[in-house]
Protein chains: 2
Amino acid sequence: MAEAEAINVDLEIIVHGAQGRSKPELRLWLRMLSTTKLISQEIRRRLRTEFGATLPQFDLMAQLYREKEGLRLGELSKRTMVTNGNVTGLVERLEADGYVQRVTPDGDRRVTVAKLTENGTTFFAAMAAAHERWLQEMMADVDPHMITALWSEIGAVKNSASNHLSGAVFE
Amino acid sequence: MAEAEAINVDLEIIVHGAQGRSKPELRLWLRMLSTTKLISQEIRRRLRTEFGATLPQFDLMAQLYREKEGLRLGELSKRTMVTNGNVTGLVERLEADGYVQRVTPDGDRRVTVAKLTENGTTFFAAMAAAHERWLQEMMADVDPHMITALWSEIGAVKNSASNHLSGAVFE
DNA sequence: AGCTGATATTTGAAATGTCAAAGGTTCGTG
DNA sequence: CACGAACCTTTGACATTTCAAATATCAGCT
């Protein structure tokens, strides 16, 4: 354990350099980024080996899973924080795999609604259960109080960042 | 301010659903992920519009900046958490732009060392200054104590995750 | 010297990511 | 009802991403 920690500290130093003189905001950002990358990569690896799926596909299906009626591609784009053009391709591939179905509603022919098929629903449910388990595993060494505290503190960071964006995010 | 916060809370709900029944680890993970995405996208946007650069290029140059003698591509891959094949293409484009130079040392002809050119050095220095400023801006509303606290708490998360990886990360 | 195994990088296929521009479709208003 | 603005999705050009397979080189051993 102690050894693993030491190795990890080294990794951090290697990744971001021995930058004692950086501003705290920058140090925090670099650590957030590397931590997120680390966990993302692990989740990607497991999704691929255990389910043959990708993380973006998982994210997209997660949105559809809780909207039985499906979602418009534009909504999907906002919720997954993925660009419109990207959603098109993702849905295309998921449709080819039989997990998602595309429908154009009668009312508005500009719109395309994507929804999970029955296959897609059961497939996603299995992935979601594993996904939640993996996260509990990976955060097993963290004090539960710290987890909830982190959740709210990161909320503060997110709020601050949201208030200082240049682009029009609140369309 | 209060309004912007309300809007942001809505965004979070939209992005991740009104999932009161999720495990804390999952909630924390989703929030970390969306926050990191939000800030990354803002940094990407600014790097592109103000410098015509991409975030991976910035990351790569950051590593070279603090190693005047340059780095082997494999080292670059580890430090940037980017795969080998990916580094090849990144360096290729940066070389075409005149910011990076590739050299094969005499001793070992398997190796390729990348280093910043003079142009690359001054270019990166300008980007780095802006980059640090942007982060201070985006985190301006966060209590400085919280920033340092977050830094160490996220360290705990990172350590825990490192200890529960499936793949061989500590080669 | 020649083999073998380890190292280092490149390549190729497929997916994801961005942005900008182009296509349709709908709606309000003249 | 026709026009133009607004809306939704797709397309196209590129960059990035991963993985696996291929290449190239080195180092050690016989």
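Lettering follows sequence order; numbering is per chain, from 1.
- Using a 4.0 Å heavy-atom cutoff across all strands shown, Arg72(A) reaches sugar-phosphate atoms only and no base atom.
- The residues Glu75(A) and Arg79(A) are annotated as salt-bridged, a charged nitrogen and a carboxylate oxygen being separated by less than 4.0 angstrom.
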Dot-bracket for DNA chain C, 5' to 3', Watson-Crick and G-U pairs with both distances under 3.5 Å, [ ] for crossing pairs, | for partner on another strand, reads ||||||||||||||||||||||||||||||
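- Using a 3.5 Å distance cut-off with no hydrogens or angles, the side chains of Gln63(B) and Thr80(B) do not pair a donor with an acceptor.
- Listed by chain and residue number, nothing satisfies the side-chain hydrogen bond (donor to acceptor under 3.5 Å, both in side chains) test with Glu153(A) (two or more places apart in sequence, or in another chain).
- A heavy-atom distance below 4.0 Å to DNA chain C is reached by these residues of residues 51-60 of chain A, ordered by number: Thr54(A), Pro56(A), Gln57(A).
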Enumerate the protein-to-nucleotides 19-28 of chain C contacts in which both atoms are nitrogen or oxygen and the separation is below 3.5 Å.
unit_1	atom_1	unit_2	atom_2	d
dT26(C)	OP1	Arg109(A)	N	2.9

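- Val82(A) comes within 4.0 angstrom of the backbone, heavy atoms only, and of no base.
- With sequence neighbours left out, the side chain to side chain contact (heavy atoms under 4.5 Å, CB included) criterion links Ala140(A) to His164(B).
- Ring-centre distance between Phe58(B) and Phe51(B): not below the 6.0 Å cut-off.
- Here Arg110(B) pairs with Asp108(B) under the salt bridge (Lys or Arg N to Asp or Glu O under 4.0 Å) rule; sequence neighbours left out.
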Salt bridge (Lys or Arg N to Asp or Glu O under 4.0 Å) between Arg46(A) and Glu137(A), intermediate numbers included: CA-CA 13 Å; Arg46(A) 298 199 194 188; Glu137(A) 264 178 57; 3.4 Å; yes
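- Here the P atom of nucleotide dA8(C) and the CZ atom of Arg79(B) are 14 Å apart, to the nearest Å.
- Of all nucleotides in DNA chain D having an atom under 4.0 Å from a heavy atom of chain B, the first and last in 5' to 3' order are dA15(D) to dC26(D).
- The list of ring-ring contact (aromatic ring centres under 6.0 Å, His included) pairs with a residue in residues 69-101 of chain A, not counting sequence neighbours, reads Tyr99(A)-Phe123(A).
- Rounded to a whole Å, the NZ atom of Lys37(B) is 10 Å from the C1' atom of dG17(C).
- Of the residues near DNA chain C, Val111(B) and Leu90(A), the one whose nearest nucleotide (by heavy atom distance) lies more toward the 5' end is Val111(B).
- Evaluation of the salt bridge (Lys or Arg N to Asp or Glu O under 4.0 Å) rule for Arg72(B) yields no partner, not counting sequence neighbours.
- For Asp97(A) and dA15(C), the CG to C1' distance is 12 Å, given to the nearest whole Å.
- Not counting sequence neighbours, Ser160(B) has no partner by the side-chain hydrogen bond (donor to acceptor under 3.5 Å, both in side chains) test.
- Distance CE (Met81(A)) to C1' (dT18(C)): 15 Å, rounded to an integer number of Å.
- Among the protein residues, Thr88(B) comes within range of the nucleic acid bases, having at least one heavy atom under 4.0 Å from a base atom.
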Cut-off 3.5 Å, no hydrogens considered: what does the side-chain donor-acceptor table look like for residues 88-97 of chain A, sequence neighbours left out?
unit_1	atom_1	unit_2	atom_2	d
Thr88(A)	OG1	Asn84(A)	O	3.4
Glu95(A)	OE1	Arg102(A)	NE	3.0
Glu95(A)	OE1	Arg102(A)	NH2	2.9
Glu95(A)	OE2	Arg102(A)	N	3.2

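- Applying the 4.5 Å side-chain rule to ILVMFWY residues, one finds that Val103(A) remains a lone member of its cluster.
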I would like to know whether Ile39(A) and Leu135(A) meet side chain to side chain contact (heavy atoms under 4.5 Å, CB included); could you show each step before the answer? CA-CA 9 Å; Ile39(A) 298 179; Leu135(A) 283 164; 4.2 Å; yes
